[in-house]
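Note sheet for the following structure.
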Amino acid sequence: MRGARARLAVLVSGRGTNLQAILDATRAPEYPAEVVVVVSDRPGAYALERARQAGVPAYVVPWRRDPADFGRRLAEVLDAHQAQWVCLAGFLRILPPEFVQRYRGRILNIHPSLLPAFGGRGMYGERVHQAVLASGAVESGCTVHFVTEDVDAGPVVAQARVPVLPDDTVETLAARVAEQEHRLYPEAIRRVVTGQVRFDDLVAAEQLAR
Ligand code: GAR
């Protein structure tokens, strides 16, 4: 008999193409995870519609002035659905430290650059591609990493590279990176939930390398 699938919560703020890639991957019976709940901080996020179309419960938890309060409400929703892992998929808020500690080693994020390059506070979405183009870099890509209290600085699970072409615009570069994101994220989730990649091992390896 096949073992139980890992229970994913996916947090979103926008159009949700990465959520869609994860939902599509979970349709394969051999995929080791399922999406049990989707939460957006924004009521208008199209990602909510994608969740509903897939038959996955979708909630709005509005952002709060007190981030710790947001974190508590979010955890209540996740607990109610017995989520084991939290996947940020275009979720543009910085999670409060209490929430990150509570789910330590169980939160993943996807970022549209080759971290540590072009990461950190204020670096999200199109801004990342703008900065890449302005820098003259000849290569970009995307990164799936574990979330820690330091923004975009948690241990890297997987990366994919793309060329930056001389006539690229933000739109063409974003589309090339997004294509890789949609392939990379479901694969990175698979590696993490099956224990092929472990948070504690990556932290230990980083400490050794210092
Ligand atoms: C993706 O490119 C993701 O890497 C980026 O937002 C986009 C969301 O697209 N995330 C960040 O910039 C996080 N710092 P989507 O809503 O279509 O998945």
Side-chain angles (χ1 to χ4, degrees), residues 8-26 33 35 37-54 56 58-61 63 67 70 74 85-96 99-100 107-135 137 139-162 164 168-189 192:
L8 311 178
V10 182
L11 308 191
V12 295
S13 301
R15 64 190 176 144
T17 64
N18 280 286
L19 166 66
Q20 191 65 56
I22 297 166
L23 289 168
D24 291 348
T26 63
V35 180
V37 63
V38 169
V39 180
S40 172
D41 62 314
R42 295 188 188 171
Y46 183 68
L48 290 164
E49 182 57 32
R50 294 179 189 272
R52 290 183 192 118
Q53 277 171 18
V56 173
Y59 298 85
V60 176
V61 176
W63 186 248
F70 174 83
L74 181 59
W85 299 88
V86 183
C87 302
L88 313 189
F91 179 73
L92 300 181
R93 302 286 184 177
I94 294 174
L95 289 167
F99 184 91
V100 173
I107 312 177
L108 293 173
N109 179 41
I110 188 153
H111 184 82
S113 74
L114 295 172
L115 290 174
F118 305 106
R121 277 176 195 267
M123 272 292 186
Y124 57 83
E126 290 195 348
R127 291 186 189 196
V128 177
H129 304 300
Q130 264 158 13
V132 170
L133 291 176
S135 77
E139 191 178 52
S140 190
C142 51
T143 304
V144 176
H145 65 95
F146 282 107
V147 172
T148 59
E149 285 88 339
D150 303 321
V151 177
D152 292 338
V156 170
V157 176
Q159 289 186 314
R161 292 168 184 275
V162 303
V164 178
D168 262 337
T169 61
V170 167
E171 289 72 30
T172 58
L173 179 57
R176 195 173 309 120
V177 171
E179 197 182 323
Q180 291 305 311
E181 289 190 307
H182 302 158
R183 188 186 58 73
L184 188 71
Y185 209 178
E187 173 57 21
I189 292 169
V192 167

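Position 1 is the first residue of the sequence; numbering continues from there. Order of listing sets the numbers, starting from 1, for every ligand and every atom in it.
Taking CZ of Phe91 as the start and CD1 of Ile110 as the end, the distance is 16.0 Å to the nearest 0.5 Å.
Residues of the protein with a heavy atom under 4.0 Å from ligand 1 are Arg15, Gly16, Thr17, Asn18, Gly90, Ile110, His111, Pro112, Met123, Tyr124, Gly125, Glu181, listed by chain and number.
Ser13 places a side-chain N or O within donor-acceptor distance of the main-chain N or O of Leu92, the cut-off being under 3.5 Å. In this structure, the side chain of Arg161 does not engage the main chain of Glu139 through any donor-acceptor pair within 3.5 Å. Panel note: side chain His111, backbone Pro116; no donor-acceptor pair is recorded below 3.5 Å.
Within 6.0 Å of CD in Glu126 there are 12 or fewer heavy atoms belonging to other residues, nucleotides or ligands.
Judged as a salt bridge (Lys or Arg N to Asp or Glu O under 4.0 Å), and not counting sequence neighbours, Arg183 has no contacts.
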